[in-house]
Protein chains: 2
Amino acid sequence: MAVTDEAILKIKEMITSGRLAPGDRLPPEKELSESLGLSRSSLREAVKALEVIRVLDVRRGDGTYVTSLEPRLLLEALSFVIDLHDDKSVLEIFGVRRILEPAATGLAAMRVSDEEVAELTELVDRAAADDIEALVEHDLVFHSKIVKASGNDYLAELIDSISSHTVRARIWRGLTQGSVIDRTIAEHSGIVSALREHDAELASARALTHIAGIEDWLRTAVGATSDPIPRPLAEDDAALDDAASDDAVAPAAGADSLRRTTPTTKE
Amino acid sequence: MAVTDEAILKIKEMITSGRLAPGDRLPPEKELSESLGLSRSSLREAVKALEVIRVLDVRRGDGTYVTSLEPRLLLEALSFVIDLHDDKSVLEIFGVRRILEPAATGLAAMRVSDEEVAELTELVDRAAADDIEALVEHDLVFHSKIVKASGNDYLAELIDSISSHTVRARIWRGLTQGSVIDRTIAEHSGIVSALREHDAELASARALTHIAGIEDWLRTAVGATSDPIPRPLAEDDAALDDAASDDAVAPAAGADSLRRTTPTTKE
DNA sequence: TACCGCGGAGACGTCGGATGAATCCGGCAC
DNA sequence: GTGCCGGATTCATCCGACGTCTCCGCGGTA
């Protein structure tokens, strides 16, 4: 096995064994490379690999740290990978979301707090139908809040990760189906209503209905035309790509390559 | 943004834009580094990062290729990351599996072929209760086959990925609960029976029962060995390994600290 | 013609050093 | 006490060199 891969496993083992805890600082690259028996160059490749999957956090001029290792961080990498799937996979991914999100919504119905219901209610009320982009933003926040209320962070982050990929599809849907805004808000309202009553079964059913509506449309679109969906992924990376193309201003802080691509985060 | 991160995004963009298709070979490192405007060292860090998440396949002495980008590959990285979660997260992860696997089993019931049923039947019959390790192996194959039969590769691979992490826990369970072998086989048999009849509801219910049984045990085990205060993963994880390897069975899982838990090609 | 072995070319793997840039931190002036 | 400054530390990037592996064409041989 390559020394770099060994280093990756050794660092991982240091974490799983407890020698390195979340938040801990690693020895300097020079020192660590010597103790692991490889060159600094090779070690840096290992560190970079662990950085992109959010296991390590490298701070220039400071040091390298173990991240909090929270599900949110570790699943971020999933968004990156999902971006690389083709149209057929998008349908399969949607099939997974179709399973997870109703279940999460059902869980949320059983344990959602009054405050959370109030927040969701306000969110839906405020989502007056202005424009598509605002709706997509609202949609992301809405679903994110609900799955978070399921009480299972891992489940919530997993759903968030696999949902981000469908953003563009939903945008396109919005562009081609005018009635979608009202319908989406109405469906959201129905879900909140079920949550308020702690009716898990109804909440779950309404979530499924909601998602299946999008899925149906997506299946038709993919199946119908040969070049249906606006090119998988690349476009909302445009900002990043611009930044990368050396004429743009450097992003302010902590620029990452694997930052999730949902419009919710800006760099 | 760091040049290495730029390179990662640029390579990703080359793939999503279609300039690089699955199986394609990248330009040599020297050439690519020049065209991307960075040193070979930095490019190598980018390539390494994309290699660990199975986007690129680097073949020494040959060249660097884009992988097939199949869900199976891209989700492999998930297994790596899941290894880093603590016990609390393991329960949450199990909560996700509890949702996904019954659903996948239900889907499988609707479309499973006679051949697949025959394979599963034979698999269960052959899984005569010999030893724990064989049972765990059987269990992995069994569930893998079923979820694969769901027809949704992405779903199947996702389940496989999040299941791999529970292997050690199941080993420990096996060591502490003698009757688990017979019970597991009986439950597997029941699931196959429902699949054979294409009874999705029953298949799903039996899958849920099966998984919930493990989950219940896991929750008890974790709750028993943990304080109300969340503990870092290291201690409890080590406890799992110790418990496993203290016994004469000596499962391979805990033996090699540098083991690679993701099912990859050996190196 | 078909097969086999060899060696060169190309490509990745690893190393060590040098320089630049960001951060941290202690000392000093006010 | 506050704020500034410079040295020390650490990561970022680049460069050049050498090793090893793989591929593939060129002859040699049967």
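The sequence lines fix the lettering, A, B, ..., with proteins before strands; numbering per chain opens at 1.
- Within the 4.5 Å cutoff, no side-chain heavy atoms of A:L155 are placed close to those of A:V147.
- A heavy-atom distance below 4.5 Å is not found between the side chains of A:E76 and A:D160.
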Review point. Between A:T64 and A:R59, does a side chain to side chain donor-acceptor pair (under 3.5 Å) hold up when you go through it step by step?
Key: CA-CA 6 Å; A:T64 302; A:R59 305 176 199 164; over 6 Å; no

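- Salt bridge A:R72/A:E157: absent, no basic N to carboxylate O contact under 4.0 Å.
- Rounding to the nearest 0.5 Å gives a distance of 7.5 Å between CD1 of A:I53 and CD1 of A:I8.
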Revision key, fill the gap. Per-nt protein contacts along nucleotides 4-14 of chain C (heavy atom under 4.0 Å; B base, S backbone sugar-phosphate only, - none) come out as ------BBBBB

